[in-house]
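Below is one structure, written out as structure tokens, with a few remarks after it.
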Amino acid sequence: TIKRPPENPPPRPPPEARRKQV
Amino acid sequence: GPIVLQSYRLIADYEKNSKSELGVKAGDVVDVVEKNENGWWFCQLKNKRGWVPAAYLEPLDSPDESEEQEPNYAGDLHISTKAYSAIMEDELTVEEGETVEVIHKLLDGWWVVRKGSITGYFPAIYLQKSGQAPP
């Protein structure tokens, strides 16, 4: 079974590492 | 038939902050088991499993079809369930219980939201759909 996801917002990667789209 | 998991590559190191998360390094390739709308994706790396922020993942191959919804410029009314103060300059600060308009639901859990005349990113995890008009 899959546990529940964390209840806090997922962190955003540093801007220089960000990709264009999911 | 067998379930084919999608593979994604890590664009940056991610250090886990809780037991249910998966610590990964830039360049690691993970299989995505479940995509949660709040932007946490349940991933598998070899024999380890855990949640990873979707914003750290890029698809190995171009997806056959876009899973992303189109932006809704009219705005979809939501209420914030928790206050959030912007950390990055493209984010929005919203108090608990405020009504905002969701313009674009992005898969990484950071939605484009409009409050009055200001637009910015806001965590989907703190938003609840509202049927009511803004006051």
Side-chain angles (χ1 to χ4, degrees), chain A, chain B residues 6 8-22 26-27 32-44 49-59 62-63 66-68 81-82 84 86-91 105-111 121-127:
Chain A
T1 55
I2 293 173
K3 288 183 217 166
R4 287 163 59 86
E7 286 174 2
N8 48 310
R12 298 171 72 198
E16 65 274 13
R18 240 171 256 175
R19 66 193 176 330
K20 288 174 190 113
Q21 272 189 310
V22 171
Chain B
Q6 285 178 288
Y8 284 75
R9 185 187 292 113
L10 268 295
I11 60 165
D13 293 356
Y14 179 68
E15 203 172 314
K16 65 179 192 175
N17 296 304
S18 70
K19 265 188 171 181
S20 66
E21 297 171 34
L22 189 63
V32 174
V33 179
E34 186 191 299
K35 295 177 179 178
N36 195 292
E37 198 187 37
N38 65 23
W40 286 103
W41 289 4
F42 198 76
C43 297
Q44 184 174 306
R49 286 176 159 211
W51 298 95
V52 175
Y56 280 71
L57 301 168
E58 65 178 3
S62 308
S66 175
E67 299 164 83
E68 205 111 82
T81 56
K82 196 168 177 179
Y84 176 79
I87 296 170
M88 294 186 187
E89 59 182 18
D90 58 359
E91 296 172 7
K105 294 182 176 181
L106 298 164
L107 292 174
D108 65 8
W110 287 85
W111 291 355
Y121 290 97
F122 194 80
I125 204 164
Y126 293 156
L127 291 172

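Naming: A, B, ... by sequence-line order, numbering from 1 per chain. Both backbone and side-chain heavy atoms feed into the values below; hydrogens, waters and symmetry mates do not.
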Flag side-chain contact, heavy atom, 4.5 Å: [X] against [Y]:
X	Y	answer
A:Arg4	B:Trp51	no
B:Ser20	A:Pro6	yes
B:Tyr126	A:Pro9	yes

* **Any donor-acceptor N/O pair, B:Trp110 side chain to A:Pro10 backbone, under 3.5 Å** => yes

Atom [atom1] in [X], atom [atom2] in [Y]: separation rounded to 0.5 Å?
X	Y	atom1	atom2	value
B:Trp40	A:Glu7	CH2	CD	11.5 Å
A:Asn8	B:Tyr84	CG	OH	11.0 Å
B:Glu34	A:Lys3	CD	NZ	13.5 Å
B:Asp108	A:Arg12	CG	CZ	7.5 Å

* Check whether B:Asn38 gets within reach of chain A through its side chain, its backbone, both or neither, counting any heavy atom under 4.5 Å. => both

* Give a yes or no on whether A:Glu16 atom CD has more than 12 heavy-atom contacts from other residues, nucleotides or ligands under 6.0 Å away. =>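 Counting other residues, nucleotides and ligands, CD of A:Glu16 exceeds 12 neighbours.
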
* Nearest atoms (heavy-atom pairs only) where B:Tyr14 meets A:Pro11 ->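 Looking at all heavy atoms of both residues, the shortest contact is CE1-CG, 3.7 Å.
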
* To do: Return the minimal non-hydrogen interatomic distance between B:Ile11 and A:Pro13, and the atom names on each side.
  => CD1-CG, 4.1 Å

* Sort out for me which of B:Pro53, B:Gly50, B:Ser18, B:Gly109 touches chain A most, counting heavy-atom pairs under 4.5 Å. =>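 The candidate making the most pairs under 4.5 Å is B:Pro53.
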
